[in-house]
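Everything on this sheet refers to the single structure shown next.
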Amino acid sequence: MRPWGSSKAAAAASTSVSRTARASMDPAPAPPAPPAPAAGRPDLWAAARGAWRGAGRAAAALFVFSAGSALYAKYRAWQEFVSLPPAFYLEVDLETQTLVERASSSPLALLAGAHQLELAALVGALSDAKRDARVRGVLAVLGGREQFGGLAQLQELRNALLDFRFHTRGRAPIYAYSNAFGEGGTNGTAVFYLASAADKVFMPPTSVLSLLGFESTQVFVRGLLDRLKVQPQVFRREEYKAALAPLTGTGFDAAHRANLESLLQSLYDGVVTGVASARRLPRGAVEAAIADAPLPPQRALAAQLVDGLLYRDQVEALMLARMPEDVQRRLAEARSAAAAKPGAPPPSALALAGPRVSLQRFSLATQWAKSRAELWGGGAGDGSGSGAGAGAAPAGAAAPGGPPAAARALGGASAADAGGAEPPSGLPQLLALPRGAGGARGGGAKPAVVVVSAVGPIIQAAAGGGGAGGGEGSVESHKLVRALRGMRENPQVKAVVLRVSSPGGSAVASDMIAREVELLVAAGKPVVACMGDVAASGGYYISAPASRILAQPGTITGSIGVIFAKFKLDEALAQVGVTGDAVTRGDNADWASPFRELTPKQLQQVEGQIDNTYASFLDVVARGRGLARDNVRALAKGRVWSGAQALEAGLVDELGGVARAVEVAKELAGLPEDPAATTLVDWPPKRVPPLVMLLKGAGALPGSDPVGGTWWGGGGGGGEGGALRAAAAAAAARAAAAAGAAAEMLALFATHAWQLGDSDGSADGAHDAAGALAGLGLPAQQRRQALLAAGAAAAGGDAAALAAAAAAGLAAAAQPGALPSMRGPELLCVEAAALAYSC
């Protein structure tokens, strides 16, 4: 190999020969060449060009350094967020969030800042928390009645709280707090019924307890329709089918009133019994309180319905007093540091929150711990990631049959599910890609149990594509049928849980769904229907063929019947000068026109269609429930039942929620109880545009909740700032402390870039070293030495000082804990680069 300078000498000789040859061949005299720079004088143009390139590369290095530092700060913020304290209490905030069956993934809902919390996610989080030894209590902050759904939803959550109390047995008491259990005439019965599941119930001394009971008021508009000359024609099967009663009468008829009185009595009995049992009071005492309600605070306290008249901060102080002394001491130190050193970086919002852990943070921490355990085969209680201490149960584990808290994204769609295209077969390729079915909880080729959400009115197809096939405001039969068919054909799917919360809708759409449920059961794959707030009419139709049916005591179900209405508007419109005319081909082409009255023949045809639909409904229920058709008709006639009444009548099999439904599905399918042995899949998937997810996560949209919600949010937490801002401040303080070393390393990198850009510079020692570093493939140690020599020669610095700075940075990066373990996806290339520069 020739020495470094010989190549330049050869190139100069070659250039001289070529110039001589061109001069001898060219007849015209060549223009005089520019004078060469005098010996020892620098080439200013080459120096400027090299400086420009070096400055550009230095700017690029600065950008890489800044980006790496920002990513590292985010990573550290995430680590802080998912590292839970050794002892804490769980805060369930139902004052600012709306409890829903299934969170909307609509971008409009996210842009509007909607705070939605899925019922299954909350129940799953409580199931995880009851086995976590670090959880020392639960503070449930309850809002108004508008924050909740129906009574069945409250009962499912209440059962989860009672289950938590039973398993913790005083280790982690539940405190319930509400600013008011009903105010200004609103009814607080349902919210107080939920609160009664807690160990202690608190309300402010200026509040009110409106334990009023139940009522059902309907507005009848038949008189208004008569004045407007609107003529409704209503067809129903049978006398209890009263959904359109406001159009046909001026008050309750005998059958309608009897049905409502029976229904409300069942709901009333369930609530009174539940409150009396939880508060350890006689039933008569609770009924007396209802008769005297609304109760002022002192009366409620004297009646032993509440345990104290305290404000929220006082209840939080009570919960804090239950924490270990070291936890209280660290919180006091963080708060005193924030007050005593205004110029220093403030403690993070998480440090100021102390042992108060939000439901969202706990769920993400358990999800992180569960993912680490699945990917690396380690436990979740090693203190890494989730911060689980000794004696803590695996935070991500689920109760037998119960969905873990990590199963669902709280109040929205997960980033993994956003933007995924729906496969043609509805639920295909579970074996290869479980998330394609809406987010698998567990991976691999394990047997799958699919939880299908059927929430909203049942229709055949929504105009403009509708929602996600259910759970987005409607149940679209063509999407749900396709998904159920895919589950029937997929060998990995062993059972299906059909979560129904629907008042009914299209008879044809309901029949198509019921047919697929029947085929699933016939294929040997059990289907367990789990009813929510309402599963009536078409909602019961699609549930009837299931292998088992579960409901809550407060579920509104039944309504086995058919109803149809047609309006004649010609006289009403004629009063304002609107008329209609039609040209037809076919005797019945305009039978549905609002300008025509049905003929006797058409009336007979409509009655026949209603009878056929009703007969099909009765047959489906008789086959599914194993009852005689006459017995089904006695239970039908459009009558509405509570879940408790339906259990007695044989229309449902047992009382329970989704967790119990999953257990039953596993039992029927012969699957092991261990949650790790099966994959739990949600359908339909929720899809949110990735840009909306990024904006939401960055706190750029309304509704971001940094400490109580996602860790990467913007402001919040009562002015304390988000977790990201606090972590960024801490990272900035760390960077300032190591500013000398970081600056030296950055200068070293810039010198290297400048030298490589000076391709026309002189052949001094610095250029030679840089060229050797770039082109000769030297070992790493020699490259570092060459780079140090280049920096010293070009910048006039001290090579020993630069070497010491670099060595200090490398040593800091190599310290235990500075770099994560090289296992799994936790070791990110970006983080490694950020560590190298920030050190």
Side-chain angles (χ1 to χ4, degrees), residues 150-151 187 212-270 457 502-507 510 533-541 554-569 571-572 594 597-598 600 602-618 621 629-646 648-649 651:
L151 185 60
N187 196 333
L212 302 176
F214 292 87
E215 61 90 23
S216 176
T217 301
Q218 287 192 355
V219 177
F220 294 84
V221 297
R222 179 56 190 265
L224 176 62
L225 296 181
D226 289 342
R227 294 184 61 181
L228 297 176
K229 296 185 178 181
V230 174
Q231 303 174 31
Q233 290 180 291
V234 177
F235 307 85
R236 61 176 180 166
R237 298 292 184 276
E238 297 182 47
E239 65 267 22
Y240 293 106
K241 195 71 172 179
L244 298 180
L247 304 179
T248 59
T250 57
F252 296 121
D253 59 33
H256 193 186
R257 180 177 294 277
N259 194 178
L260 285 177
E261 287 178 347
S262 174
L263 177 65
L264 292 186
Q265 185 63 46
S266 176
L267 301 179
Y268 176 86
D269 289 342
S502 171
S506 167
S510 300
D533 287 330
V534 180
S537 193
Y540 190 82
Y541 196 119
T555 297
I556 306 301
T557 188
S559 190
I560 302 171
V562 184
I563 196 164
F564 173 77
K566 178 185 181 299
F567 293 87
K568 184 171 177 290
L569 304 177
E571 294 185 36
E597 189 174 1
L598 293 177
Q602 291 170 342
L603 282 172
Q604 185 178 3
Q605 290 175 327
V606 171
E607 295 283 1
Q609 292 176 6
I610 298 296
D611 286 335
N612 291 337
T613 303
Y614 187 39
S616 298
F617 201 161
L618 296 176
V621 176
R629 194 172 186 274
D630 291 341
N631 294 339
V632 172
R633 184 172 181 182
L635 300 172
K637 301 184 178 182
R639 181 167 183 170
V640 177
W641 306 81
S642 70
Q645 292 174 323
E648 296 178 358
L651 294 177

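Treat the numbers as computed from the prediction; the structure is a model and nothing was measured. All residue numbers in this chain count up from 1 along the given sequence.
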task: State, with a plain yes or no, whether a side-chain heavy atom of Q233 is found less than 4.5 Å away from one of L598.
output: yes
message: With a sphere of 6.0 Å drawn around CD of Q605, does it hold more than 12 non-hydrogen atoms of other residues, nucleotides or ligands?
response: yes
Which heavy atom of [X] sits nearest to which heavy atom of [Y], and what is that distance?
| X | Y | result |
| --- | --- | --- |
| A649 | L635 | O-CD1, 3.5 Å |
| F235 | I610 | CB-CG1, 4.2 Å |
| V534 | P503 | CG1-CA, 3.8 Å |
| E238 | R236 | O-CD, 3.8 Å |
| P457 | S502 | CA-OG, 4.1 Å |
| A572 | V230 | CB-CG2, 3.8 Å |

query: Taking only residues two or more places apart in sequence or in another chain, which ones pass salt bridge (charged side-chain N to carboxylate O under 4.0 Å, His left out) with E261?
result: none
task: Can you sort out the partners of R639 under salt bridge (charged side-chain N to carboxylate O under 4.0 Å, His left out), two or more places apart, ordered by chain and number?
output: none
- request: Could I get the full list of side-chain contact (heavy atoms from CB on, under 4.5 Å) partners for P232, not counting sequence neighbours?
  value: L225, F567
Could you measure the distance from the [atom1] atom of [X] to the [atom2] atom of [Y]? Nearest 0.5 Å is fine.
| X | Y | atom1 | atom2 | value |
| --- | --- | --- | --- | --- |
| S616 | Y541 | OG | OH | 5.0 Å |
| R257 | S216 | CZ | OG | 10.0 Å |
| Q602 | E597 | CD | CD | 10.0 Å |
| D269 | Q645 | CG | CD | 9.5 Å |
| L618 | R633 | CG | CZ | 7.5 Å |
| W641 | S266 | CH2 | OG | 10.5 Å |

Distance-only donor-acceptor pairs under 3.5 Å for side chains of residues 246-255, two or more places apart:
unit_1, atom_1, unit_2, atom_2, d
T248, OG1, A245, O, 3.3
D253, OD1, A255, N, 3.3
D253, OD1, H256, N, 2.7

message: Would the distance check show the side chain of T613 and the main-chain N or O of Q609 forming a donor-acceptor pair, the cut-off being under 3.5 Å?
response: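 Pair found, side chain donor or acceptor close to backbone of Q609.
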Just list the side-chain donor-acceptor pairs under 3.5 Å for residues 555-566, sequence neighbours left out, or say none.
unit_1, atom_1, unit_2, atom_2, d
T555, OG1, G532, O, 2.9
T555, OG1, Q552, N, 3.0
T555, OG1, Q552, O, 3.2
T557, OG1, A535, O, 2.8
S559, OG, K241, NZ, 2.8
K566, NZ, S593, O, 3.0
K566, NZ, R596, O, 2.7

- prompt: Can you pull the salt bridge (Lys or Arg N to Asp or Glu O under 4.0 Å) pairs that have at least one residue in residues 217-229, sequence neighbours excluded?
  reply: R222-D226
